Amino acid sequence: MPEHVDDPRSVSWVLPLDAHPALTDVRLWVRQRLGAVVTADKLDDIVLVVIELVTNADLHTPSPGRLAVSCGHGTVQIEVTDGDPSLPVLKPPSMTRSGGRGIALVAALSARWGVRRRGQGKAVWSLVEFDSPGR
């Protein structure tokens, strides 16, 4: 997985994440950057992927590191880093478990997703394909 979308027409943004980031602020940050680039339906999917990855990093690691979003060539790449080497687990569906669906949602909404080791931690990434508004 590349560090960023390799396209001269691409654009990237980075949001450092505090411990327990305000998810409303994260949603707004993503919508402000991608709202004019992707359709409303796809923007909702992208925001959901971002929130699931940020929430997982917040809940399951000492503290998330950063959120990076890159857009170009009909894809949005989302990456959330943290300092914990433990890998996320794709859990089987359950009617009784209250949590554990985040990675399944990320997998369902992404063209591809995965994890890369980064120093002492990891980066969980997702690629979401989109059509521009008006296409």
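For clarity, every value in this text was computed on a predicted model and none was experimentally measured.
Rounded to the nearest 0.5 angstrom, Ser70 OG and Arg33 CZ are separated by 12.5 Å. The CD1 atom of Ile51 lies 10.5 Å from the CG atom of Asp58; values are rounded to the nearest 0.5 Å. Put simply, NE2 on His20 and OG1 on Thr55 are 12.0 Å apart, with the number rounded to the nearest 0.5 Å. Interatomic distance, CD1 of Ile78 versus CH2 of Trp113, reported as 13.0 Å (0.5 Å rounding). From Leu87, atom CG reaches atom CZ of Arg116 across 13.0 Å, with rounding to the nearest 0.5 Å. The line from CZ of Arg66 to CG of Leu17 is 9.5 Å long, rounded to the nearest 0.5 Å.
Nearest heavy-atom pair, Ala19 versus Pro64, reported as atom, atom and distance to 0.1 Å: CA-CD, 4.4 Å. Heavy atoms only, all atoms of each residue included: Asp82 and Ala57 are closest at OD2-CB, 4.3 Å. Nearest heavy atom pair, residue Lys122 against residue Asp84, reads NZ-O, 2.8 Å. Gly102 and Glu52 make their closest contact through CA-OE1, 3.1 Å (heavy atoms, listed as atom of the first residue, atom of the second, distance).
Asp44 and Arg31 are joined by a salt bridge, as a carboxylate oxygen and a charged side-chain nitrogen come within less than 4.0 angstrom of each other.
The side-chain contact (heavy atoms from CB on, under 4.5 Å) with Val50 is formed by just one residue from the set Leu23, Val76, Val30, Leu15; it is Val30.
Looking at heavy atoms from C-beta onward, Ser10 lies out of side-chain contact with His73 at the 4.5 angstrom threshold. Side chains of Trp13 and Cys71 form a contact here, defined as non-hydrogen atoms less than 4.5 Å apart. The shortest side-chain heavy-atom distance between Asn56 and Val124 does not fall under the 4.5 Å cut-off.
A continuous path of Ile, Leu, Val, Met, Phe, Trp and Tyr side chains, each step under 4.5 Å between heavy atoms, connects Leu67 with Val11, placing both in one hydrophobic cluster. Val69 and Val115 end up in the same hydrophobic cluster when Ile, Leu, Val, Met, Phe, Trp and Tyr side chains are linked at under 4.5 Å.
A distance-only check finds no donor-acceptor pair linking the side chain of Arg27 to the backbone of Val47 [under 3.5 Å].
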Verdict with reasoning, Leu34 to Phe130, per side-chain contact (heavy atoms from CB on, under 4.5 Å): CA-CA 11 Å; Leu34 297 176; Phe130 69 91; over 6 Å; no
Verdict with reasoning, Lys42 to Val128, per side-chain contact (heavy atoms from CB on, under 4.5 Å): CA-CA 9 Å; Lys42 192 52 76 167; Val128 179; 3.7 Å; yes
